[in-house]
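This report concerns only the one structure given below.
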Amino acid sequence: MSDMITADLVDLDLSADTKEAAARALAERMVALGRVTDLEGFLADVAAREAQMPTGLDGGIGIPHCRSAHVTEPTLAFGRSAAGIDFGAADGPADLIFLIAAPAGADDAHLTILSSLARQLMNAEFTDALRSAGDAASAAALIRGEEPPAPEATGSAPSENSVASSVAASADAATGTTSESPAETAGERPFRIVAVTSCPTGIAHTYMAAESLENAGREAGVELVVETQGSAGFTRLDPAVIAAADGVIFAHDVAVREKDRFAGKPTVDVGVKAGINRPAELIAEVRGKAERGEATAAARHGSPVERSGEAGEGYGTKLRKWLMSGVSYMVPFVAAGGLLIALGFAIGGWRIDKAQPVIEHFDWSQVHSWGALMFQIGVAAFGFLVPVLAGYIAYGMADRPGLVPGFVGGAISLTIGAGFLGGLAAGLIAGAVVLGIQRINIPPVMRGIMPVVVIPLVGSAVVGFMMFVVIGKPIAEAQKGLTDWLGSLSGTNAVLLGVLLGLMMCFDLGGPVNKVAYTFATSGISVAAPSDSAMKIMAAVMAAGMVPPLGMALATTVRKKLFTTAERENGKAAWVLGASFISEGAIPFAAADPLRVIPASMAGGAVTGALTMAFGSTLRAPHGGVWVTFLIGKPFLYLLAIAAGTAVTAGLVILLKGMRKTALEGTPAAESPAAAAAEAKQPVAA
């Protein structure tokens, strides 16, 4: 820790009155020592992390932190405020402020030491000693876990308060080692709890919640072991410890990894700050659930795809997650199958779809045979799209037991011609049926065969009946009607559809709305002989999806002064990402300035979508960007549409940012890009 904090990084008379000013004052000390290379870029990263969740903690502590590319080595700065600074804690302002800066690729050893500091902040003796420290050197020594140079001025910190001791305690907790509880000493088996803590950055709150829960467990006479899933990785709890546990606490703000290890136990699932601020309540709650014999649905049936949902979230949010589960697993099949089909056409010509099966005829020396091979492999991959979509929607709802009924329902959807819409319905029905079966009180003797025999059998039978007899035909008719309507689109109607698809592709840059438009397009070309209208839709979707990153790249090239150093670097990468149809290349810009970047991107996407449809460009490949231009119908006009949308996005974002710059002229220095990012409240992956 000695190289992480020194007296030069301590300010015992921090005069800042806002959290932004406090972060700036402490960060300036890091810059002065060469620990941070770009002050504004680093502060923007700190503010973006703060926007995800306030970093104020009960007990007068503020702990802003982030991982940033602008940090050269793990660094900790400490400030003490007499007046207190609001960091969003429920009990009021913070007087002890710790700014933690970790490089984007910080090594495990440093992160482990930083995590041990976070644990120490839950120790009242440690924080009291910091409040009474008389000089910067003494405060830095206390944080490093060393004997203060002036014990008479600062008070002594017991050896158990040292960072080294905390690291050892963390290691014990990770492997399931615990000290004997009072109940166990007396010969009575204690109540046993296993817990998992995690936060977006995985540096501070993860370990503070762990320490808080462990302390509360000792006070309650409970044997409590915590698995911390932080930036330094995580050591899995011993399966025997999990098996012996009477209850589970999840205190997390990101997905709990390998959550199915804890299935079937009474579970409390909360945010990480609840683990810090009210651990005793969580312990009491899980004990109450155990006494009542409750095993929550989230613990038994949570999807491995979307595990970070909050308790009590609405049905609409859950439905979106279930559907996105299916789409997430389907997209790789789309990319592989589509590109193989595109290669087949490129190698074997546009009539390759009429070639005889390669299993009957394949000539190693003929290019046409290789084209047929690529095409037929791609068609085989496309055959999995609807079953995979349905299977993993059911998986998102009911975990692995939902897979078989979901896949069966998806395959039936293809058989009866219900297509993509039928797959959606089959997946939802399969998930609902399995969830219903799982809620039936089954005798213990039957539980072993439920997931491998009963649930697949009953679930598949029910889903098959629904698809073949009840809803399959109406959905197939609806699918045919939609296909016919798309085929009839021309002129103004087609242009309006292009505008809508362009807006959807650029609204959330790879998010749910973007995926809906993309899935709609790929489902149209996922047949051996797609219609002309389906290929036009695919062309419009891919062209519009390329616009946001290309527009940001152009804007950072034309008006560099409107962007930070980090954004200009991101702009260089955005050229390649945009050209490759990776809309997510614009996310760093949208996260920092969503009110200007997203509308500008949507405007450019709408222009491109409209022009592509108006020009009548077609595309058979579902991905590839400019690298599959040779597969595009009317390629010159297609590239012109992309260029026009890129120019609109770049021009509009430059205009909006220029207006903002003019409006901010004369504002105090404290109003930095970091403050703007915090004000925007846009979550960014830390």
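We number each residue from 1, following the sequence as shown. As a basis for the values below, the full set of heavy atoms in this structure was taken, side chains included, without hydrogen atoms, waters or symmetry mates.
- Note that CE of Met542 is 9.5 Å distant from OG1 of Thr612, once rounded to the nearest 0.5 Å.
- Here the straight-line distance linking atom CD of Glu50 with atom SG of Cys66 works out to 10.5 Å at 0.5 Å rounding.
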Inset, instruction - Just do the side-chain contact (heavy atoms from CB on, under 4.5 Å) check on Thr557 and Trp575 with the steps written out, would you? - result: CA-CA 10 Å; Thr557 302; Trp575 284 114; 3.7 Å; yes
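- One finds the OG1 atom of Thr618 at 10.0 Å from the OH atom of Tyr638 (value rounded to the nearest 0.5 Å).
- Taking Thr649 as the reference, nothing meets the side chain to side chain donor-acceptor pair (under 3.5 Å) condition, with sequence neighbours excluded.
- With sequence neighbours excluded, the residues that form a side-chain contact (heavy atoms from CB on, under 4.5 Å) with Leu640 are Phe615, Leu637.
- Summarising the geometry of Val404 relative to Ser460, their closest heavy-atom pair is CG1-OG, 3.5 Å, with the distance given to 0.1 Å.
- Closest non-hydrogen pair, Leu611 versus Ala641, comes out as CB-CB, 3.7 Å.
- Residues satisfying the side-chain contact (heavy atoms from CB on, under 4.5 Å) test with Val499, not counting sequence neighbours, are Leu503, Ala606, Ala610.
- Of all heavy-atom pairs between Gly406 and Ala390, the closest is O-CB, 3.2 Å.
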For residues 407-435, dump all side-chain donor-acceptor pairs below 3.5 Å to protein atoms at least two apart in sequence or in another chain.
from   : atom 1 : to     : atom 2 : distance (Å)
Ser413 : OG     : Gly419 : N      : 3.3
Ser413 : OG     : Gly419 : O      : 2.8
Ser413 : OG     : Gly423 : N      : 3.3
Thr415 : OG1    : Ala411 : O      : 3.0

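- When side chains are defined from C-beta on, Phe589 counts as touching Thr556, because their heavy atoms get closer than 4.5 Å.
- The backbone N or O of Gln356 sits less than 3.5 Å from a side-chain atom of Gln376, completing a donor-acceptor pair.
- Shown here for Lys536 and Met613, the closest heavy-atom pair between the two residues is O-SD, 3.6 Å.
- Minimum interatomic distance between Val547 and Gly604 (heavy atoms only, all atoms of both residues): CG1-C, 3.8 Å.
- Scanning for side-chain contact (heavy atoms from CB on, under 4.5 Å) contacts around Val470 gives Phe465, Met466, with sequence neighbours left out.
- Atom CD1 of residue Ile654 and atom CZ of residue Phe563 lie 6.0 Å apart, to the nearest 0.5 angstrom.
- For the atom pair Met546 CE and Thr646 OG1, the distance stands at 7.5 Å (nearest 0.5 Å).
- Here the closest heavy-atom approach between residue Ala574 and residue Pro549 is recorded as CB-O, 3.4 Å.
- For the salt bridge (Lys or Arg N to Asp or Glu O under 4.0 Å) test, residues two or more places apart in sequence or in another chain that qualify with Lys572 are Glu569.
- Residue Met602 holds its CE atom at 12.5 Å from CE of Met505, rounded to the nearest 0.5 Å.
- Asp269 is listed as a side-chain neighbour of His252, based on a closest heavy-atom distance under 4.5 Å.
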